[in-house]
Protein chains: 2
Amino acid sequence: MADKAALYREQIEGAWEKFLPAPLSEDPAGLVIEAMRYSLLCGGKRVRPVLAMAFCELCGGDPTSALPFACAVEMVHTYSLIHDDLPCMDDDAMRRGKPTNHRVYGEAMALLAGDGLLTLAFETALSFEGEPAKARKAVKLLAQCAGAQGMVGGQCIDLQSEDKPMTVELLQAMDKGKTVALIHAACGMGCMAAGAGEAQLQAAAKYAHGLGMAFQLRDDILDVEGNAEKLGKETGMDAIRSKQNYVSLLGVEEAKRLVDKYTEEAVLALEAFPGDKSFLRNFAESLASREN
Amino acid sequence: MADKAALYREQIEGAWEKFLPAPLSEDPAGLVIEAMRYSLLCGGKRVRPVLAMAFCELCGGDPTSALPFACAVEMVHTYSLIHDDLPCMDDDAMRRGKPTNHRVYGEAMALLAGDGLLTLAFETALSFEGEPAKARKAVKLLAQCAGAQGMVGGQCIDLQSEDKPMTVELLQAMDKGKTVALIHAACGMGCMAAGAGEAQLQAAAKYAHGLGMAFQLRDDILDVEGNAEKLGKETGMDAIRSKQNYVSLLGVEEAKRLVDKYTEEAVLALEAFPGDKSFLRNFAESLASREN
């Protein structure tokens, strides 16, 4: 499993130069490209692109054929982190152990770098070399999952939650948008690259829901129990910002129980697929116990 | 001509509800949708969508078939205005005679509304009902024109120009990105909706260049000579911000001469199309003499 994830990651890291414009110092617009590259190429777990490739392979496709979709989802994820870190949002100084985009390039350039990455995500996804109808369907899923009824909607709930009491229901609606939606896009687009049918798309959505919810719960647990050095960011931030999360609402034990429950849901959803499900099962389980 | 533009605009205004999510007050993410609607539905000249429809018709297509492309380009234009008006960019208070998005919804929500509109633009464009291959080609053009090598790149040049002396060459590179690129997307996507060939796409790009440059020059002239009430925004802003523009670099007479030159270039490019070119000729000429 570690080997397969490493192989996928190697293929993902090898694909960026195909999709990203080169940084030309003589180009007057070169600085925004540099800022885009700074955030995209500074590592990260690449959870979403790995999922896109793994689901493509699980559905019988060549996983590298899903690279345009995989890289596109990671670009959307990266833009959302850049905008989320801005002073008018979370005002974060560090991300993945390095200064956040606006701390390096300034607020306005970071705003543009996010806009540029979101736009490039669609260009990248549309470079998928399979049938145009598959590309259209997959890119539409990306837009739906990333937009106001998906990720942007989750961020809207997050923003408003600062002013009103948080409930578990609202937290779930927020995380369905902020975390599950883009993971859903990754899994679904991977299936679509391989030409999977409706039943498998539904199963991928269930897997994404279980894994995404578990992922977010684990994030909240790490914010309380985690090690700042391993995480590459400060801990206890939700408490400092007076933000409610699963741990503050339910307690750490119940949060851990829910991580297991959602991870099990994800693993169960894999039954809809023939073939070797071990990678995606192990992937869900390793995310549920991750330390960063 | 006035009648045809009015008909196009009526069809554009009638199409929004098909593409925009309804504002549901009980939806916890409803506020970002409200903010998106606020900026998109507050009028404007709809120059870009009118161009998309007119080029579709000029190439022998049903102009209403281009509505998904037309509305998508306007969404990209609107998101760029929302982000441009933010405090970290131009910090504008008024737009089209109304308070800017962040003055109504706050900075963070305006940021999200822009992100939501950019994302919705791609979803909208992908709802084009013609061949998937046409949709893919058109939406890729939109992404290229809107991204770091198009509109976002132009904004990057704009940002950096605050710190260094402006030249006419840099101003042209900036306007090619900020203004021409999206007009190019509109004209090109309109042609693509009708299945036009390469020669016509090239001609549409030339028209877009001429019209876009003339449009920007006229903007600079109006910033000096215009009437704030008619414009719906303050004048003299470039001088207040110590920003160089065509008028400050070349003088108002030379700027006016260039408006005529670029408009003529646009009109000449129409020769590549058979059929009635009067609407697009008159459209370019009326933009060149507009008062708002």
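Any value given below was found using the heavy atoms of this structure, including those in side chains, with hydrogens, waters and symmetry copies removed.
- When each of B/I33, B/V139, B/L118, B/L117 is checked for heavy-atom pairs under 4.5 Å with chain A, B/L118 comes out on top.
- Of the listed residues (B/G150, B/A110, B/A143, B/P87), the greatest number of heavy-atom pairs within a distance under 4.5 Å of chain A belongs to B/A143.
- In this structure, CG in B/D27 is found 7.0 Å from CD1 in A/I157, a value given to the nearest 0.5 Å.
- If you measure heavy-atom distances from A/Q149 to chain B, the contacts under 4.5 Å come from the side chain alone.
- The 12-atom threshold is not exceeded at NZ of A/K176, counting heavy atoms of other residues, nucleotides or ligands nearer than 6.0 Å.
- Although no hydrogens or angles enter the test, the distance criterion places a donor-acceptor pair under 3.5 Å between the side chain of A/R136 and the main chain of B/F128.
- Ranked by heavy-atom pairs under 4.5 Å with chain A, the list B/K137, B/Q155, B/M151, B/E131 is led by B/Q155.
- Between chain A and the options B/G116, B/G106, B/A125, B/C88, heavy-atom pairs under 4.5 Å are most frequent for B/C88.
- We find the CG-SG distance between A/D115 and B/C156 to be 12.0 Å, quoted to the nearest 0.5 Å.
- Between the CG atom in A/L126 and the CZ atom in B/F122 there is a gap of 8.0 Å [rounded to 0.5 Å].
- Looking at A/L31, the atoms closer than 4.5 Å to chain B (heavy atoms on both sides) sit in the backbone and in the side chain alike.
- Residue A/L141 does not touch chain B at all, counting heavy-atom pairs closer than 4.5 Å.
- Contacts with chain B were tallied for A/V76, A/V152, A/L142, A/L86; A/V152 has the most, counting heavy-atom pairs under 4.5 Å.
- Expressed to the nearest 0.5 Å, how far CE of A/M89 lies from CE of B/M109 amounts to 8.5 Å.
- In this structure, CD on B/E123 lies 4.5 Å from CD on A/Q144, to the nearest 0.5 angstrom.
- Proximity to chain B is limited to the side chain of A/Q160, based on heavy atoms less than 4.5 angstrom apart.
- Annotation: maximal heavy-atom pairing with chain A below 4.5 Å, among B/S127, B/A135, B/G177, occurs at B/S127.
- By number of non-hydrogen pairs under 4.5 angstrom with chain A, the leading residue of B/A29, B/A173, B/G153, B/P132 is B/P132.
- With a 4.5 Å cut-off on non-hydrogen atoms, A/L120 does not touch chain B at all.
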